[in-house]
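Quick notes on the structure that follows.
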There are 2 protein chains.
Amino acid sequence: MATQTAAQRRDEARVAYDAYLAGCPARELLDTISDKWVSLILNALSGGPLRYSDLGRVIAGISQKMLTQSLRSLERDGLVSRTVTPSVPVRVDYALTDLGQDLQPVMMAIKSWAEGNIEQVRSAREAYDARLAS
Amino acid sequence: MATQTAAQRRDEARVAYDAYLAGCPARELLDTISDKWVSLILNALSGGPLRYSDLGRVIAGISQKMLTQSLRSLERDGLVSRTVTPSVPVRVDYALTDLGQDLQPVMMAIKSWAEGNIEQVRSAREAYDARLAS
DNA sequence: CCGTATCCCGTGAGATACTG
DNA sequence: CAGTATCTCACGGGATACGG
């Protein structure tokens, strides 16, 4: 159940599924994890478990609806665990599962790339838009 | 303009932008590259330039509209180049730019992860759905 | 061959209000 | 605190037809 095991599974199954194929389950999974909120949530949980309200605070601008909806989806897919502490008021913690921790570095890479290359993209956009205006 | 230069820029700008913040340009860029079609297109171009019709064939199920729309967006963001050969009929080739090649490994990692872990996700879903039915 | 243009429907997603 | 429930609207995105 360690990361190595997950890596082994990945190698073995690499040829079994092909996200290029429409209707392939891998295509659908790629669609669900290629989501803005999913990447932000998985990255936010990389430092350890967080409560529902903490997630909403870290990920500025996310609505309750999208936060709950994304968390449910991640929980169903086995990427995030949900732990309820029956206190008053109730306390709910979300954490990465082993599978989620396996995916997290990839999501971090996307987020870091976006943050580190936004200026290149912006200047590329300006150049593109300027050429259209000519 | 090599990959190393891009990596240096990434390190320098890492703290300047934060995708957790709503309204931050990095958040918007994260949203655009966290897209199913974007990841499939960038991966498809990793082996070298492809023509428009080839892309449509490799990425099964993509509509003309989404293919054209995604390619325009990628071109504007400086991730993909578009080369027109004025023959009869006209020939158009799409290729990764240096910036696009810098991002491609990350997109490949997502696609590979989806293909390699879909079975884990499927069994997690079955377990989740079974618990709800009880 | 490589698109653009139009129509149209489903759903992604915010705002708001309410509950255990 | 941690959600659920509606309502609403904009837009993603497919189908189809046409143009250079």
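A, B, ... follow the sequence lines: proteins, then strands. Residue 1 opens every chain. Worth saying up front: this structure is predicted, and the values here are computed from it rather than measured.
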query: Going through the distances and angles, do A:L103 and A:V106 end up as a side-chain contact (heavy atoms from CB on, under 4.5 Å)?
result: CA-CA 6 Å; A:L103 176 57; A:V106 180; 4.2 Å; yes
- prompt: Hey, does the side chain of B:T85 reach the backbone of B:S87 with a donor-acceptor pair shorter than 3.5 angstrom?
  reply: no
message: Nearest 0.5 angstrom please: B:C24 SG to B:L30 CG, how far?
response: 10.0 Å
- request: Output the residues of residues 20-43 of chain A in contact with DNA chain C, where contact means a heavy atom of the residue under 4.0 Å from an atom of the strand; sort by number or write none.
  value: A:W37
Which donor-acceptor pairs under 3.5 Å do side chains of residues 125-132 of chain A form with protein atoms, sequence neighbours excluded?
from   : atom 1 : to    : atom 2 : distance (Å)
A:R125 : NE     : B:D77 : OD1    : 2.6
A:R125 : NH1    : B:E28 : OE1    : 3.4
A:R125 : NH2    : B:D77 : OD1    : 3.3
A:R125 : NH2    : B:D77 : OD2    : 3.4
A:D129 : OD1    : B:R76 : NH1    : 2.9
A:D129 : OD2    : B:R76 : NH1    : 2.5

- prompt: Hey, does the side chain of A:Y20 reach the backbone of A:R27 with a donor-acceptor pair shorter than 3.5 angstrom?
  reply: no
Validation: residues 65-75 of chain A side-chain donor-acceptor distances under 3.5 Å, sequence neighbours left out:
from  : atom 1 : to    : atom 2 : distance (Å)
A:T68 : OG1    : A:Y52 : OH     : 2.8
A:T68 : OG1    : A:Q64 : O      : 3.1
A:S70 : OG     : A:M66 : O      : 2.7

field: For B:A60 against A:A22, the heavy-atom pair lying closest together
entry: O-CB, 3.5 Å
query: Does the pair A:T83 and A:Y94 meet the rule for a side-chain contact (heavy atoms from CB on, under 4.5 Å), with working shown?
result: CA-CA 6 Å; A:T83 308; A:Y94 291 92; over 6 Å; no
message: Going 5' to 3' along DNA chain D, which are the first and last nucleotides with any atom under 4.0 Å from a heavy atom of chain B?
response: D:dG13 to D:dA17
- prompt: Which residues within residues 79-93 of chain A lie with some heavy atom under 4.0 Å of an atom in DNA chain D?
  reply: A:R82, A:P89, A:V90, A:V92
- prompt: Can you hop from A:L55 to A:L40 via hydrophobic side chains spaced under 4.5 Å?
  reply: yes
message: Under 4.0 Å from a heavy atom of chain A: give me the 5'-most and 3'-most nucleotides of DNA chain C that qualify.
response: C:dA13 to C:dA17
message: Could you work out, with side-chain contact (heavy atoms from CB on, under 4.5 Å) as the rule, every residue matching A:R51, not counting sequence neighbours?
response: A:S53, A:D54, A:R91, A:D93
- prompt: What pairs with A:T97 under side-chain contact (heavy atoms from CB on, under 4.5 Å), at least two apart in sequence or on another chain?
  reply: A:S81, A:L99
task: Can you sort out which residues in residues 61-75 of chain A have a heavy atom within less than 4.0 Å of DNA chain C? Ascending by number, please.
output: A:S63, A:Q64, A:K65, A:M66
Minimum-distance pair of heavy atoms, taken over all atoms of A:A114 and B:A26: CB-O, 3.9 Å
- line: Listed range with range, the stems formed with DNA chain D by at least 3 consecutive Watson-Crick or G-U pairs (under 3.5 Å) are C:3-20 with D:1-18
message: Please list all pairs meeting side-chain hydrogen bond (donor to acceptor under 3.5 Å, both in side chains) that have one or both residues in residues 30-40 of chain B, counting only residues at least two apart or in different chains.
response: none
- request: Applying side-chain contact (heavy atoms from CB on, under 4.5 Å), run through A:L79 and A:D102 and close with a yes or a no.
  value: CA-CA 9 Å; A:L79 297 169; A:D102 191 54; over 6 Å; no
Donor-acceptor pair, side chain of B:S123 and main chain of B:E119, under 3.5 angstrom: yes
message: For A:P25, give me all partners under side-chain contact (heavy atoms from CB on, under 4.5 Å), at least two apart in sequence or on another chain.
response: A:Y17, B:I118, B:R122
task: Write down the atom of B:L96, the atom of B:S46, and the distance for their closest heavy-atom approach.
output: CD1-CA, 4.0 Å
